[in-house]
Amino acid sequence: MFKQNLEKISYPKIEEEILKFWQENKIFEKSISTRDENRSFTFYEGPPTANGKPGIHHVMARTLKDLVCRYKTLKGFRVERKAGWDTHGLPVEIEVEKSLGIKHKSEVIEYGIEKYNQKCRESVFTYLDLWEKMTTRMGYWIDLDSAYITLDNKYIESVWWALKTLFDKGLIYKDYKIVPQDPKSETVLSSHELALGYRETKDPSVYVLFQRLDADEYFLVWTTTPWTLISNVALAVGPDIDYVKIKTNGKVLILAKDRLSVIDGDYEILEELKGKDLLGVEYEQLFDYCDVDRKAFYVIAGDFVSTEDGSGIVHIAPAFGADDYEVSKKYNLPMLQPVTRSGVFTDEVTDFAGQFVKDADNGIILKLKKEGKLYKKETILHTYPFSWRHQDVPVIYYARESWFIRTTSVAKRMVELNKTINWQPPEVGAGRFGNWLEENKDWALSRDRFWATPLPIWVSDDGDMFAVGSIEELKQGFIEDNGKRISVADVENLDLHKPFVDKILFERNGKIYKRTPEVIDVWFDSGAMPFAQYHYPFENKENFEKKFFPADFICEGIDQTRGWFYTLHAIATMLFDSVAFRNVIVNELILDKNGMKMSKSRGNTVDPFDLFDKYGADTTRWYLVTNSPPWRPTLFDEEALVEVQRKFFGTLVNTYSFFALYANIDKFNFSDSPVPYNERPEIDRWIISKLNALVEEYEKQMDAYDVTKAARAVSDFTIDQLSNWYVRRSRRRFWKSEMNKEKLSAYQTLYECLVTVAKLTSPFAPFIAEEIYRNLNTVTKKENYESVHLADFPSITYREPELEEKMDVAQKVVYLTRAIRAKNNLKVRQPLKRMMVVVEKDKRDALAKMKDVILDEVNIKELVVLDDDSEIVNKTAKANFKSIGPKFGKKVKAVAELIKNFGKDEIRRIESGENIETEIDGDKLLISKDDVEIMSHQIEGWVVESEEGVTVAIDTELNEKLIEEGLAREFVNRVQNMRKDAGFDVTDKINISFTGNAELVKAIINFSDYISNETLAEKLISEKITDGGFRQDWKIGDFECSIRIEKI
RNA sequence: GGGCCUGUAGCUCAGAUGGUUAGAGCGCACGCCUGAUAAGCGUGAGGUCAGUAGUUCAAUUCUACUCAGGCCCA
């Protein structure tokens, strides 16, 4: 027996059962182990940080990942996929700091790094349970048991191997760089971290006067960071920019000519000069807190100087700006940095010592004003980065010694390799990611924090250094305990984190080497996952090189462009001169219904678990994939989920239920051999052909990673073709009591459609697909798979394109006919005498063949295919612009008008292939057949409807017989409704008694065979209705009528 | 300020190598159909295809600019 009443079970409940089934029967494991080892499809899981709650956008990314992997499995690939967790880094530390009430980095040291890192380690797994639950519940198949975890020694060892390799290649170096840093955590921010904090803010915008040493003149200089003025060492001008010397308010000022608009009040231009004329001019130090050890305080050239804002003269503070630092190296300028790492002025700056630099702005401006060095002060609104973890803490650009990876040395290669990656959507790869690579800057690798992979570089007092690339090498080091050296090899439970690794020393050539204290950017951890997840090169060397690298497919959110996508790509390029991934789907954000970003503070987030409980994971997954392409921002709308469930899943399940209901009645179990396709009725061949067309389309889209189109195609087929046409049209064949070849063919056909649709649906909605597949296959045992996810992708078995086209025509005619009936208030139950169809010649044959389908569908007795040159067809002509456009150019409009006015005669001539000669503006023109579209819109005296070359007309005249038949149909309809209301089974036989007026009774009697047959009535008696049975009163047309039915 | 994307019906989305009737679903109104369907079908109302300019015989489609939204980068 096929399982029945599927439509009455809740989706979440089915899903729970399927989950149990998968688990108990290890279906996921089998979906890998049963696939050929030599046909691997490699997928990389981007490790989420498990210390935050999973949200709906994670469901989106995971759905995409899962469905591609499941699809590839269907296609016979072996898709091994390991889960992974990102466990290091500042986000983890921030959480721990919060819980410990730590506000500043120094407090961590007081608290104890060992204890602190232990807390970090513990906190990482706070949400792991939730993540695993979500992963399992949504049906995301990934190996959670063998998940890679970035804090594991093995993982770190692989990362160290990578770092040592880069170090030995000379790609890691130490330098000053101006880096954005979070003054609160005293930590350098990576560009991706920095990006999180940009927001609009008000800052002072001040114009400052720098006095020339050689003249009583002033340079007018603009800045939005007054606190950096204390560290000023030079002024930069654009050598080719025009400057002016002006007299205003009794002072002589120098500024760019294009910036004169910043001058308040009247001025007089004294002199015009080029920037290069100013080079070398010395000026008086603005504030004298700091001494310099080199020549400073003069005008230099800077190519970054613009006249878009400010005064065209840029103040240079090498410690606090990237451009500043670059240019200062060129001129060998001193660097003044009277600011601590936490953004506070040092004692040197006596007036502002201990003040946070941004807070000192006002005081500095006041001092300038007092000393007459301020020209004017305004406030500007601009975007400025703030710390992404500490609200209202502005990022400070600061010169720090840092370790860098020389990614610029492979920048070109990265660009080249990127061109071989298939990005979905392509513009992210070519545009966003490509541009980022073009502008590549060296990767700031080090972080002065605690909970991360330690940088494995050991340095001696004289600056000699080496990198350690394995635990084996580390064992050559020692630690000191009470003055005794203990070899690392003898240490139990090695932990490759701080503070332990900091205790390890090496002695080489009589020198002692100590580890540099920094840890590394967590993004290096995740970028190293292709090899680190397999502990390469210490283990799995062969498999890695053969199978696990590079990935065939990855998928993450757009926010990973500069994050994981970049680090994967950069590391793979540097280490293996290869891409890290061949195909990538980039998914966009999920916004709320109103297009707002979802965030905890807005309270508009969606809890995935709620959705799973309410609608099921399948519905959620299907919705996310089909609503809009994943690489477009999705506006999340819960009501649309309801619709998805009703429309697609409802229809699919009902189609299955229909099949199950009748297959059980007929004891169909597919034990007979299949009826050859070419022996099946037309409608069966048609749906099988359509089904195969769907498989083709699906495969094409999936292989192009356009998963939305693939899923939409499945949905359209299921709803429009399978359910609303095939099943509806074929219902009667299933009702028939006797089993014959024709009926067998119907069962086999519908069965095949359901199994195939289940397979195509399975990557997207793995639960319901499993349910349907198993319900079918367990009974028939047609395939030897215990799960749809172990099955093979359907192969193309049968196509009959001409038949598909024919049915298209028939469907079009039916739709038009129904439109006429609707417009003229002619119920479909009322049979009509005749319809006429006018079509183009090449479709006439198709139409004739589809006659029966059409007539049955629209309840009309006769179909006349009309010759379109028949007298009663009225034709009009229309210009074919595609043809006349290129031919007649400017005369198009006149020609079109001419064609529109063609009469019967011209149309006939054109149709017979004759050219029509005409004259416009004195030029002779020839209008040929291709230039004209002939339409047969009207048939004289008939109601018509037409569309794209098909015109349908129906004869609305009724006769007595037709009216009687209409009444009989109405009667059947009432009886059927009663059967349903009475709760009779579809196979129950009944007796009917009825009363009504003479006309109705006559109709019923005349059509009694038809009525009995339709309603499974043994007796159909016109009599006074007595008590008993199930009775209802009806109005049929204008007639009253009472009906009683009883089960026999 | 720069880069990329988006703007089509009240809402969510299709589509168009440039061609004269721009589609679907939801919602609304009316009607139909129902022996699987808490379904389905039809009709109707609803669109200056964001705006402006240009190229062209012809632009919603191509180009430029503008506006609005989003993301990324400064």
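The sequence lines fix the lettering, A, B, ..., with proteins before strands; numbering per chain opens at 1.
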Notebook entry, point to check: Considering heavy-atom distances to RNA chain B, does A:Q976 or A:I558 have its closest nucleotide positioned more toward the 5' end?
Noted result: A:Q976

Checklist line | First encountered from the 5' end of RNA chain B, between A:K709 and A:N654 | finding: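 This one resolves to A:K709.
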
Note to self: How would you summarise protein contacts on nucleotides 2-9 of chain B per nucleotide, using B for base, S for sugar-phosphate only and - for none, with heavy-atom distances below 4.0 Å?
What the structure shows: -BBSS---

Can you list everything that forms a side chain to side chain contact (heavy atoms under 4.5 Å, CB included) with [X]? Sequence neighbours excluded, please.
X      : value
A:A713 : A:L694, A:E697
A:Y615 : A:L611, A:T619, A:E638, A:L641, A:V642, A:Q645
A:P12  : A:S10, A:R137

Taking the [atom1] atom of each, how far is [N] from [M], in whole Å?
N     : M     : atom1 : result
B:G23 : B:A9  : C1'   : 10 Å
B:U8  : B:G25 : C1'   : 15 Å
B:C28 : B:U52 : C1'   : 35 Å
B:C65 : B:G2  : P     : 10 Å

Margin query: List the residues meeting side-chain hydrogen bond (donor to acceptor under 3.5 Å, both in side chains) with A:N859, not counting sequence neighbours, and say none if there are none.
Written below: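 If we apply the side-chain hydrogen bond (donor to acceptor under 3.5 Å, both in side chains) test to A:N859, skipping adjacent residues, the hits are A:R969.
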
Notebook entry, point to check: Mind checking what makes side-chain hydrogen bond (donor to acceptor under 3.5 Å, both in side chains) contact with A:N627, not counting sequence neighbours?
Noted result: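 For A:N627, no residue satisfies side-chain hydrogen bond (donor to acceptor under 3.5 Å, both in side chains) once neighbours in sequence are set aside.
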
State which residues pass ring-ring contact (aromatic ring centres under 6.0 Å, His included) with [X]; sequence neighbours excluded, sorted by chain then number.
X      : value
A:Y623 : A:F636
A:Y656 : none
A:F658 : A:Y662, A:F734
A:F717 : none

With a cut-off of less than 4.0 Å, is there a side-chain N or O of [X] near OP1 or OP2 of [N]?
X      : N     : answer
A:R829 : B:C32 : no
A:Y815 : B:G42 : no
A:N724 : B:C41 : yes
A:R731 : B:A36 : yes

Margin query: Please tell me whether A:W423 and A:F565 form a close aromatic pair, meaning their ring centres lie under 6.0 Å apart.
Written below: yes

Notebook entry, point to check: So what's the dot-bracket for RNA chain B: Watson-Crick or G-U pairs under 3.5 Å, [ ] if a pair crosses, | if it pairs off-strand?
Noted result: (((((((..((((.....[...)))).(((((.......))))).....(((((..]....)))))))))))).

Check: Between A:I954 and A:M835, which heavy-atom pair has the shortest distance, and what is it?
Finding: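 Looking at all heavy atoms of both residues, the shortest contact is CG2-CB, 3.6 Å.
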
Next item on the list: Work out which heavy atom in A:A704 is nearest to a heavy atom in A:Q424; give both atom names and the distance.
Entry: O-NE2, 3.1 Å

Next item on the list: Looking only at side-chain atoms of A:F881, point me to the closest of B:U20, B:C71, B:C13.
Entry: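 Side chain of A:F881 sits closest to B:U20.
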
Check: Can you find an N or O donor on one side and an acceptor on the other, under 3.5 Å apart, linking the side chain of A:S723 with the base of B:A39?
Finding: no

Grab the N/O contacts between the protein and nucleotides 26-29 of chain B below 3.5 Å, and write none if there aren't any.
residue, atom, partner, partner atom, Å
B:C26, O4', A:E643, OE1, 3.4

